[in-house]
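Below is one structure, written out as structure tokens; comments come after it.
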2 protein chains.
Amino acid sequence: MTPRPTLRPGGRSARVQQAVHTAVSALNDTVGREQLTIPLIAEHAGVTPSTIYRRWGSLRELLADVAAERLRPEAPLADTGSLEGDLMAWAGEFMEEMASRPGQQVMADALGSAGHEPRRRCHAWQCEQLALMLSRARDRGESALPEVDALIDGVMAPLIYRVSHAPETLCETRLRHWVRQALGSAGENFRATE
Amino acid sequence: MTPRPTLRPGGRSARVQQAVHTAVSALNDTVGREQLTIPLIAEHAGVTPSTIYRRWGSLRELLADVAAERLRPEAPLADTGSLEGDLMAWAGEFMEEMASRPGQQVMADALGSAGHEPRRRCHAWQCEQLALMLSRARDRGESALPEVDALIDGVMAPLIYRVSHAPETLCETRLRHWVRQALGSAGENFRATE
DNA sequence: ACTGCTAAGGCAAATATTTTGCGTTAAGAG
DNA sequence: CTCTTAACGCAAAATATTTGCCTTAGCAGT
């Protein structure tokens with residue numbers, strides 16, 4: 001009763017995926033993003049190029065897959081004692097990473113794929129992190145909490161927009177402004193009317 | 001005293017660019033986005049592939065260039081009599097275009113390039129349009145107007161985020177919510193503190 | 001454990017693409 | 001009108017991509 005018809009997460013398949021992802025990251029740091037090619041990646045991963053072509057289809061999709069993985073939160077999400085603090089810490093770290101040239105490349109790779117599974121995954125993770133923060137805030141007894149969607153629209157969306165379109169305008173002050181505004185306007189949340 | 005060292009906007013160069021852009025759009029509508037290749041585009045544009053490689057570098061950059069062009073506002077910007085109306089009309093049309101599968105491809109192409117000139121251009125145009133709306137609103141005598149940045153962060157950013165990450169959540173109600181909120185919180189604008 | 005089934009990988013030949021060197025054309029300056 | 005040179009065309013060389021066929025190894029049933 002697995003939802004997927006027949007995946008094979010077992011042994012080899014997973015090892016290949018791991019090896020390819022590792023090779024992409026390693027080569028990205030050594031030869032540089034622009035020099036990456038599938039034959040080169042395949043060689044470093046110890047697989048044949050056709051394996052990569054069959055599994056990912058193109059370099060673009062492969063890079064999007066790897067980029068999405070890099071965008072996945074790893075640290076267990078600090079607990080600073082307040083929702084505002086948690087948001088600033090988490091989004092602040094994200095902002096710092098994405099403010100760099102390589103960070104912007106990662107973002108472009110993640111946003112540039114034809115399929116949208118990679119972007120969906122990023123969105124889902126971000127929602128999870130925000131939901132966890134909100135849940136902690138609720139446990140702490142904070143009131144007038146915003147909804148996840150309001151934080152996505154109010155904080156993550158402008159952050160990502162500016163990483164892509166105007167990275168030089170990023171700064172902590174601006175981030176704090178978004179966070180405060182999103183927290184301040186809790187209660188005026190979006191309601192679907194259908 | 002041209003700012004650019006030595007561009008050649010004259011005759012031939014411009015014709016080639018035009019022909020290539022046209023070919024990309026035409027082929028995109030006929031053979032489909034995934035079948036596009038530089039040799040194919042070159043043939044339809046009546047130029048040799050090497051011309052395209054030298055000028056754009058790769059298919060990714062070419063598609064980003066064309067996608068950015070498609071994102072450029074064409075219509076003269078309707079005047080509905082109120083800032084809220086103008087915003088809803090303009091952003092609403094944008095949303096409708098981007099809600100479709102091809103629209104999402106255009107967005108992905110524009111966001112996926114290595115260089116960020118295409119994204120910069122989109123941002124600049126959006127700012128221009130918003131500034132024009134604000135200017136009209138001011139002439140009309142509307143008060144408590146937001147700043148361009150607040151509209152970018154409050155309306156365009158969430159719109160684009162959701163086009164990329166969760167297109168099925170787009171709807172007019174949500175758009176109206178962003179617009180109202182951005183207009184309502186005018187006065188609480190971001191101020192750089194450095 | 002053993003066996004059968006099949007998704008996933010390897011290999012290599014056939015295609016298609018990208019890159020490059022060199023000659024030519026035409027835009028822009030004086 | 002002449003000169004300079006950015007931009008293009010062409011074609012050969014280097015790379016990358018696709019595809020057919022074979023082999024390997026998860027996984028399920030017994």
Side-chain angles (χ1 to χ4, degrees), chain A residues 1-24 26-28 30-66 109 112-115 117, chain B residues 1-24 27-28 30-66 69 109 112-115 117:
Chain A
M1 219 221 212
T2 48
R4 309 298 181 88
T6 34
L7 272 200
R8 252 183 222 207
R12 186 154 80 149
S13 189
R15 266 197 314 279
V16 167
Q17 162 154 350
Q18 166 74 29
V20 169
H21 276 224
T22 303
V24 170
L27 287 169
N28 191 29
T30 55
V31 308
R33 167 71 178 74
E34 293 305 311
Q35 312 303 321
L36 286 182
T37 64
I38 287 188
L40 182 63
I41 293 164
E43 190 186 337
H44 273 249
V47 301
T48 59
S50 63
T51 293
I52 297 182
Y53 287 115
R54 281 201 241 258
R55 226 169 126 163
W56 281 276
S58 69
L59 184 57
R60 191 163 68 137
E61 297 305 309
L62 171 56
L63 289 177
D65 189 30
V66 173
D109 287 339
S113 68
E117 287 87 294
Chain B
M1 220 225 211
T2 49
R4 308 300 180 85
T6 33
L7 272 200
R8 253 184 221 209
R12 186 155 83 150
S13 190
R15 266 197 314 278
V16 167
Q17 162 155 351
Q18 167 72 30
V20 170
H21 276 224
T22 303
V24 169
L27 288 169
N28 191 30
T30 55
V31 307
R33 167 71 178 72
E34 294 304 311
Q35 312 304 321
L36 287 182
T37 65
I38 288 188
L40 182 64
I41 293 164
E43 190 185 338
H44 274 247
V47 301
T48 59
S50 63
T51 294
I52 297 183
Y53 286 115
R54 281 199 241 258
R55 220 165 132 165
W56 282 276
S58 69
L59 184 58
R60 192 163 67 134
E61 298 305 311
L62 171 57
L63 289 178
D65 189 31
V66 174
E69 210 60 35
D109 288 339
S113 68
E117 286 88 295

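This structure is a prediction, so every number in the text was calculated from the model and none was measured. Chain letters run A, B, ... following the sequence lines, proteins first, then strands; residues in each count from 1.
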Starting from [atom2] on [N], measure out to [atom1] on [X] and report it in whole angstrom.
| X | N | atom1 | atom2 | result |
| --- | --- | --- | --- | --- |
| L62(B) | dT18(C) | CG | P | 11 Å |
| Q35(B) | dT17(C) | CD | C1' | 15 Å |
| Q17(A) | dA7(C) | CD | P | 18 Å |
| E43(A) | dT15(D) | CD | C1' | 14 Å |
| L36(B) | dA16(C) | CG | P | 17 Å |
| I52(B) | dT19(C) | CD1 | P | 13 Å |
| E34(A) | dT15(D) | CD | P | 18 Å |
| L59(A) | dT18(C) | CG | C1' | 14 Å |

Choosing from dG9(D), dA8(C), dC8(D), which nucleotide comes nearest the side chain of S13(B)? dC8(D)

Sugar-phosphate atoms are those with a prime plus P, OP1 and OP2; base atoms are the rest. Using that split, label each nucleotide of nucleotides 18-23 of chain D B, S or - for protein heavy atoms under 4.0 Å, 5' to 3'. BBBB--

Audit row: H21(A), D65(A), side-chain contact (heavy atoms from CB on, under 4.5 Å) steps and yes/no: CA-CA 9 Å; H21(A) 276 224; D65(A) 189 30; 2.9 Å; yes

Presence of [X] side-chain N/O under 4.0 Å of [N] phosphate oxygens OP1/OP2:
| X | N | value |
| --- | --- | --- |
| T48(A) | dC11(C) | no |
| R15(A) | dT24(D) | no |
| R55(B) | dA7(D) | no |

Could you pull out the closest heavy-atom pair between I41(B) and A23(B), with the gap in Å? O-CB, 3.8 Å

Q17(A) vs S13(A), test: side chain to side chain donor-acceptor pair (under 3.5 Å). Steps then yes/no. CA-CA 6 Å; Q17(A) 162 154 350; S13(A) 189; over 6 Å; no

Just by modelled atom types, is the Q18(A) backbone N or O under 3.5 Å from a matching donor or acceptor in the T22(A) side chain? yes

Can you check whether A114(A)'s main-chain N or O pairs, donor with acceptor, with E61(A)'s side chain at less than 3.5 Å? yes

List the steps, then state whether side-chain contact (heavy atoms from CB on, under 4.5 Å) holds for I52(B) with L59(B). CA-CA 9 Å; I52(B) 297 183; L59(B) 184 58; over 6 Å; no

Suppose the criterion is side-chain hydrogen bond (donor to acceptor under 3.5 Å, both in side chains): which pairs have a residue in residues 32-47 of chain B, not counting sequence neighbours? R33(B)-D109(B)

